[in-house]
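These notes are about the structure you will find just below.
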Amino acid sequence: MEKKFKKTSKRMDKPDDTLFKRQISYAGDVMHQYHRYPGIYEGPCMNEYPNALGGVPRTDSSYYISYNGRICVMNWEDESTRINKKTFGKINNYRINLEYFFKADVISAITTTVPLDKCELDYETSPTCPFQPIIISYAEMDGRKILNTIKTKIESEEVLTKVEAMNLILIPKMFRSNQDVVLEDVCELLPKLKLDDEEFKLELIFEMRCVIHKYAKTIDDINRLEEVIGLQEAITAKQFQDQKLIDQGITQGRIQGRIQGRIQGAFEIALNVKNTFGIEQALKISNFTREELENEKLNR
């Protein structure tokens with residue numbers, strides 16, 4: 001039975017954090033391409049790594065990439081405040097922990113909504129161990145030009161790629177003022193968007209909800225814009241998909257199936273590493289046994 005959609009009564013807590021978690025969880029490959037980070041996205045890593053002092057630092061995101069013929073780890077941190085020496089120190093410590101854990105090179109990146117001229121961009125570690133992460137400021141992007149380009153394509157009924165479509169979610173971050181006005185534009189465009197993947201359009205609607213809660217001025221504006229983007233219809237579509245699975249009897253053992261699916265996905269990544277870079281590298285980046293990797297069959 002379809003659940004009755006309740007109007008929003010209060011603003012979402014930490015919408016930026018929720019948005020980032022959705023993007024990493026459901027669109028990691030798209031975000032990697034969007035930012036033009038080096039290498040090819042291969043799959044996610046865990047994000048907690050105990051350090052030598054007994055702490056358990058949590059990265060915003062870390063994932064495997066293949067780069068220049070080897071497997072590396074990408075550590076991407078999203079900052080809502082200006083970048084300073086404390087930011088660099090934190091991310092450099094993440095790099096050290098990740099290199100220790102994976103025995104692989106780590107590429108660090110930082111995104112921020114703060115203009116670069118208001119950030120500190122120099123950080124010295126040592127002459128033998130330089131640390132210079134990739135730094136991207138959304139405020140340095142030409143948001144107006146990107147918005148006009150996307151608007152023209154959508155109104156011309158072009159079918160956009162996932163990477164192009166992600167601009168709708170990120171454009172408000174590119175403006176230093178009047179984000180609520182820009183928000184109106186992107187919310188009007190989202191229902192008109194044509195993608196070859198309808199499920200990803202649902203994800204964009206759920207992500208846009210986070211953007212609305214970040215930039216809309218009032219609760220009434222939030223409720224109005226949630227209607228504009230078709231949030232109720234998106235939730236109903238998701239419920240329909242879930243009900244279809246139930247009707248087909250697929251949801252029995254769903255939790256176990258998800259666990260097995262994640263294990264199988266990690267195993268496929270490990271096999272890809274083995275076939276490309278050798279079994280020793282695959283053993284380093286996974287918890288699978290040599291026998292499993294050699295026989296290409298899970299013993300669990």
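Because only heavy atoms are used, hydrogens play no part in the values below, and waters and symmetry mates are left out as well, while side chains stay in.
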Inset, instruction - Please check if the side chain of Glu140 supplies one atom and the backbone of Leu116 the other of a donor-acceptor pair under 3.5 Å. - result: yes
Inset, instruction - Would you check if the side chain of Asn75 reaches a backbone N or O of Val106 as a donor-acceptor pair within less than 3.5 Å? - result: no
Inset, instruction - Would you check if the side chain of Glu99 reaches a backbone N or O of Ile96 as a donor-acceptor pair within less than 3.5 Å? - result: no
Legend entry - Side-chain heavy-atom pair Ser108, Ile134 within 4.5 angstrom cut-off: no
Inset, instruction - For the residue pair His213 and Arg209, establish whether any side-chain heavy-atom pair is separated by less than 4.5 Å. - result: yes
Inset, instruction - Please answer whether the main-chain N or O of Cys210 pairs with a side-chain N or O of Arg22 as donor and acceptor at a distance below 3.5 Å. - result: no
Legend entry - Identified side-chain contact (heavy atoms from CB on, under 4.5 Å) counterpart of Cys119 within the set Thr87, Ile110, Ile83: Ile83
Inset, instruction - Spell out, as yes or no, whether a donor-acceptor pair under 3.5 Å connects the side chain of Ser137 to the backbone of Ala139. - result: yes
Legend entry - Any side-chain heavy-atom pair of Glu77 and Tyr94 under 4.5 Å: yes
Inset, instruction - Mark yes or no for whether Asp197, through its side chain, and Phe200, through its backbone, hold a donor-acceptor pair below 3.5 Å. - result: yes
Legend entry - Audit row: His32, Trp76, ring pair (Phe, Tyr, Trp, His ring centres under 6.0 Å) steps and yes/no: CA-CA 9 Å; His32 183 83; Trp76 169 28; 9.2 Å; no
Legend entry - Side-chain donor/acceptor of Glu292 to backbone N/O of Thr289, under 3.5 Å: yes
Legend entry - NZ (Lys103) with more than 12 external heavy atoms under 6.0 Å: yes
Inset, instruction - Treating Ile, Leu, Val, Met, Phe, Trp and Tyr as nodes and any side-chain heavy-atom pair under 4.5 angstrom as an edge, say whether Leu160 and Phe206 lie in one connected cluster. - result: yes
Inset, instruction - Would you kindly say whether Asp78 and Thr111 are connected by a side-chain donor-acceptor distance under 3.5 Å? - result: yes
Inset, instruction - Return yes if some donor-acceptor pair links the side-chain N/O of Lys201 with the main-chain N/O of Pro191 below 3.5 Å, else return no. - result: yes
